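Throughout, a chain's letter reflects where its sequence line sits, starting with A, and its residues are numbered from 1. Small disclaimer: the values here were computed from a predicted structure and weren't measured.
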Amino acid sequence: MEVVAVIDFETTGLSPAQGDRATEVAAVIVEDGRVVDRYQSLMNAGVRIPAFIEALTGISNAMVRSAPPAGEVMREVSDFVGDIPIVAHNASFDAKFWDAELARVQRSRRQEFVCSLLLSRRLFPLAPSHKLGALVEYAQLPVAGRYHRALADAEMAASLLLRLEEELRQRHRVPQVSVELLRRIQRVPKAQLQKCLAAFTRA
DNA sequence: TGCCAGGCCCTCTTTAGGGCCTT
């Protein structure tokens, strides 16, 4: 598989359109089946973190207050990622914060997102849940740290991506997994998965 | 005033509703 960046945001809520902002971002670079580089930073967007989010993430208002400005962090992380494909767990969530925070520093996204949640629903249909934590347990992946911290979640999503790649190679006999294949799989109706994979499988 | 996310996906569907995921 080509080089990809797996990212994760912690935020003050679910919707940038409702005023929610990022509080932490992490990106790990996956190359040749392993993580080869990492970026992580808290970020100060100048907004208050609700108490239940503090409890969920362990990221407090005091921690964010002493963090670098959000714009500075977004410039750094977007430079770190560059134009390589981005993967995230429930990518529609991370993509909307990525776009919203980049827009605040007059930048725009240069690549499509790949979603490990959509891939997992198709490739691990028997998993009891497709939450990141449940998939880590289901696939017996290492717990990289505290859930709901950006770097730990990005590392675990990267492990999940590599496990999905292995599933495609071993169970589905796809000789060469590409980002293009992942993009097709995450959009294909479940009933058409086998037909989709057949086009990428050598006899 | 009152409301407040949104995309995916299943089904007792398609003239819709509700659960799953992300924080």
Side-chain angles (χ1 to χ4, degrees), chain A residues 5-28 40-65 67 70 73-74 77 86-104 109 112-139 141 143-161 163-164 182-196:
Chain A
V6 182
I7 73 155
D8 186 73
F9 276 110
E10 303 308 317
T11 71
T12 61
L14 295 173
S15 173
Q18 299 293 317
D20 292 319
R21 297 292 306 275
T23 57
E24 186 179 46
V25 65
V28 301
Q40 177 274 330
S41 183
L42 290 166
M43 49 203 282
N44 185 358
V47 295
R48 182 148 193 91
I49 304 172
F52 80 98
I53 298 281
E54 280 191 332
L56 177 71
T57 64
I59 298 170
S60 67
N61 281 287
M63 288 164 68
V64 165
R65 205 173 299 127
V73 173
M74 287 308 299
V77 72
I86 297 178
V87 180
H89 198 67
N90 199 8
S92 66
F93 173 85
D94 291 279
K96 67 187 179 183
F97 277 96
W98 183 262
D99 291 348
E101 294 292 348
L102 278 187
R104 290 175 175 275
R109 171 151 59 99
E112 290 298 308
F113 273 63
V114 171
C115 180
S116 58
L117 169 63
L118 296 180
L119 292 171
S120 297
R121 281 179 176 159
R122 287 160 178 79
L123 297 174
F124 292 144
L126 300 180
S129 158
H130 295 90
K131 291 180 187 176
L132 180 60
L135 288 164
V136 165
E137 187 174 344
Y138 177 77
L141 303 172
V143 176
R146 177 180 172 145
Y147 285 108
H148 292 301
R149 285 302 300 263
L151 184 58
D153 281 1
E155 297 257 15
M156 289 186 281
S159 293
L160 173 61
L161 176 70
R163 183 66 186 78
L164 291 165
L182 299 182
R183 287 189 178 131
R184 290 202 196 182
I185 291 173
Q186 70 179 6
R187 293 293 170 203
V188 74
K190 272 184 184 174
Q192 294 174 28
L193 177 62
Q194 291 308 322
K195 186 179 175 186
C196 171

Open item on the list: Let's see if you can work this out: which of B:dG6, B:dC9, B:dT23 has an atom nearest to the side-chain heavy atoms of A:R122?
Closed with: B:dC9
Task: Gap in Å between the two P atoms, one belonging to B:dG2 and one to B:dG7, rounded - done: 28 Å
TODO: For atom NZ of A:K96, decide whether the heavy atoms of other residues, nucleotides or ligands shown that lie under 6.0 angstrom number more than 12.
DONE: yes
Open item on the list: Which is more 5' along DNA chain B, the nucleotide nearest A:G13 or the one nearest A:K96? Just name the residue.
Closed with: A:K96
Open item on the list: Would you say A:H89 places a side-chain N or O within less than 4.0 Å of OP1 or OP2 belonging to B:dC21?
Closed with: no
Open item on the list: When you measure from the side-chain N and O atoms of A:R187 to the phosphate of B:dC8, is any distance below 4.0 Å, counting only OP1 and OP2?
Closed with: yes
TODO: Would you check if A:L132 and A:D153 make a side-chain contact, meaning some heavy-atom pair closer than 4.5 Å?
DONE: yes
Task: Parallel, tilted or perpendicular, as decided by the 30° and 60° cut-offs, for the rings of A:F97 and A:F9 - done: tilted
- [ ] Whole angstrom is fine here: how far is it from OH in A:Y147 over to P in B:dT22?
- [x] 11 Å
TODO: Specify the separation, in whole Å, of atom CZ of A:F93 and atom C1' of B:dC8.
DONE: 16 Å
Task: Atom CZ of A:R48 with >12 non-hydrogen neighbours under 6.0 angstrom - done: no
Open item on the list: By nearest atom, which of the nucleotides B:dT22, B:dT23, B:dA5 is closest to the A:L132 side chain?
Closed with: B:dT22
- [ ] Could you tell me the separation between the CG atom of A:L117 and the C1' atom of B:dG19, rounded to a whole number of Å?
- [x] 13 Å
TODO: Can you tell me, in whole Å, how much space there is between the P of B:dT1 and that of B:dT13?
DONE: 41 Å
- [ ] Report yes if a side-chain nitrogen or oxygen of A:K190 is closer than 4.0 Å to either non-bridging phosphate oxygen (OP1 or OP2) of B:dC10; otherwise report no.
- [x] yes
Open item on the list: Measuring from the side chain of A:H130 (C-beta onward, heavy atoms only), which nucleotide among B:dT23, B:dC9, B:dC21 has the closest atom?
Closed with: B:dC21
- [ ] Taking atom C1' in both B:dC12 and B:dA16, compute the distance separating them and give it to the nearest angstrom.
- [x] 11 Å
Task: Rounded distance (Å) that lies between atom C1' of B:dC9 and atom CG of A:L118 - done: 10 Å
Open item on the list: Taking only side-chain N and O atoms of A:S92, does any of them lie within less than 4.0 angstrom of OP1 or OP2 on B:dT22?
Closed with: no
- [ ] Select base, sugar-phosphate, or nothing to describe what A:T23 touches, counting heavy atoms under 4.0 Å on all strands.
- [x] nothing
- [ ] Tell me which nucleotide among B:dT22, B:dC21, B:dC9 gets nearest to the side chain of A:L14.
- [x] B:dT22
Task: Residue pair A:D8 / A:H89, side-chain heavy-atom distance below 4.5 Å - done: no
Open item on the list: Suppose you measure atom C1' in B:dC3 against the same atom in B:dC21; what distance do you get, rounded to whole Å?
Closed with: 23 Å
Open item on the list: Within the 4.0 Å heavy-atom criterion, would you say A:F97 contacts the bases, only the backbone, or no part of the nucleic acid?
Closed with: nothing
Open item on the list: Distance check needed: B:dC21 C1' versus A:M156 CE, whole Å only.
Closed with: 16 Å
Task: Sugar-phosphate, base or nothing in reach of A:Q18, heavy atoms under 4.0 Å - done: base
- [ ] Name the nucleic acid region contacted by A:D94, choosing base, sugar-phosphate or nothing; use a 4.0 angstrom heavy-atom cut-off, strictly under.
- [x] nothing
- [ ] Using whole Å, report how far CD1 of A:I49 lies from C1' of B:dT23.
- [x] 11 Å
Task: Which nucleotide in B:dC4, B:dC21, B:dT23 has an atom nearest any side-chain atom of A:R121 - done: B:dC21
TODO: Please state the P separation for the pair B:dC20 and B:dT15 - nearest whole angstrom.
DONE: 26 Å
- [ ] Please report, rounded to the nearest Å, how far the P atom of B:dA5 is from the CZ atom of A:R21.
- [x] 19 Å
- [ ] Identify whether any heavy atom of A:T12 sits under 4.0 Å from a base atom; if not, whether one sits that close to sugar-phosphate; answer base, sugar-phosphate or nothing.
- [x] nothing
Open item on the list: In whole Å, measure the gap between the P atoms of B:dG19 and B:dC4 for me.
Closed with: 15 Å
- [ ] Map A:P128 and A:S15 onto DNA chain B by nearest heavy atom, then report which one ends up closer to the 5' terminus.
- [x] A:S15
Open item on the list: As an exercise, state the distance from CG of A:N61 to CG of A:N44, rounded to the nearest 0.5 Å.
Closed with: 9.5 Å
Task: Any residue meeting salt bridge (charged side-chain N to carboxylate O under 4.0 Å, His left out) with A:R121, in chain and number order, not counting sequence neighbours - done: none
Task: Euclidean distance, atom CG of residue A:L119 to atom C1' of B:dC9 [Å, nearest integer] - done: 15 Å
